[in-house]
Amino acid sequence: MMPASMAAAYDLPEDCLRVCDVPADRFVLGGRVLFTGQDAGDMLKISYVRDIKEVDLFDPLFVDALACRLAINVCMSITGRPQLRQALMEEFLKVVLPDAAFANKVQDSSNDQDPLDLIRGMSLKRRRGLPWK
């Protein structure tokens, strides 16, 4: 049921893991529905974290960071060398993570087309005539 103080309801995309930004002063999440305090018409553009199942779409820096973290986690059981685990952890903290953070910051402040614009710009379709859960 829509909260009394809300004016509109929008279904979240199926691949939405977490809502990051909603262009509304007030909003409430109720299950897989986003309720807003003002009516934005038929579509509401939001930013959200998407569940990407196609590994080809993963950012190369994410792949590097994931591989390094996995290596850190299995290093001792495979090699039994704590020095190697420590070296991997230092590489992760001093190289891999800062590279990814820098690339993220550059992309956030760039005027170039961000490949995530498609995801960030996805719109929610307004619920019409659907039963409220």
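Here the structure is a predicted model, which means the values were calculated and not measured.
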To the nearest 0.5 Å, atom CD1 of Ile46 lies from atom CG of Leu34 at 6.5 Å
Distance col, row Glu91:CD vs Asp64:CG, nearest 0.5 angstrom, shows 9.0 Å
Nearest heavy-atom contact between Ala9 and Val33 is CB-CG1, 3.9 Å
ask   = Would you find a donor on one side and an acceptor on the other, under 3.5 Å apart, between the side chain of Arg26 and the backbone of Phe35?
value = no
Measuring only between side-chain heavy atoms, which start at C-beta, is Cys20 closer than 4.5 Å to Val49? yes
Looking only at heavy atoms, the pair that brings Pro23 and Lys45 closest together is CD-O, 2.9 Å
So does Pro13 get a backbone contact from the side chain of Arg32, meaning a donor-acceptor N/O pair under 3.5 Å? yes
The reported gap from SG in Cys16 to CG in Asp51 (rounded to nearest 0.5 angstrom) is 10.0 Å
Note: Tyr48 and Val19 closest approach over all heavy atoms is CB-CA, 4.1 Å
Report yes if some heavy atom in the side chain of Cys75 is under 4.5 Å from a heavy atom in the side chain of Arg81; otherwise report no.
no
Single-linkage hydrophobic cluster Val95~Phe102, side-chain heavy atoms < 4.5 angstrom: no
ILVMFWY cluster, Ile72 and Met76 together (side-chain gap under 4.5 Å): no
* NZ or CZ of Arg69 within 45° of Phe92 ring axis and under 6.0 Å -> yes
Rounding to 0.5 Å, atoms OG1 (Thr79) and CG (Leu84) come to a distance of 5.0 Å
Exercise. For the pair Ser77 (side chain) and Val74 (backbone), establish whether a donor and an acceptor sit closer than 3.5 Å, ignoring hydrogens and angles.
Key: yes
Query raised in the report: Would the number of heavy atoms belonging to other residues, nucleotides or ligands and lying under 6.0 Å from CD of Glu90 be above 12?
Result: yes
Tell me whether Val22 is reachable from Leu29 by hopping between hydrophobic residues (I, L, V, M, F, W, Y) whose side-chain heavy atoms are closer than 4.5 Å. yes
When every non-hydrogen atom of Arg50 is compared with those of Asp15, the smallest separation belongs to NE-OD2, 2.9 Å
Check your understanding: Do Leu61 and Val55 sit in the same hydrophobic cluster, where Ile, Leu, Val, Met, Phe, Trp and Tyr count as joined when their side-chain heavy atoms come under 4.5 Å apart?
Key -> no
### Query
So Thr36 and Tyr10, side-chain contact (heavy atoms from CB on, under 4.5 Å) or not? Walk me through it.
CA-CA 8 Å; Thr36 62; Tyr10 301 88; 3.8 Å; yes
Separation between CG (Leu97) and CE (Met89), nearest 0.5 Å, reads 10.5 Å
Exercise for the section: Verify the cluster assignment for Phe62 and Leu57: are they in a single hydrophobic cluster under the rule of side-chain heavy atoms below 4.5 Å apart? Expected result: yes
Note: Gly37 and Ala7 closest approach over all heavy atoms is O-CB, 3.3 Å
Here the gap from Leu44 atom CG to Asp39 atom CG, rounded to the nearest 0.5 Å, amounts to 9.5 Å
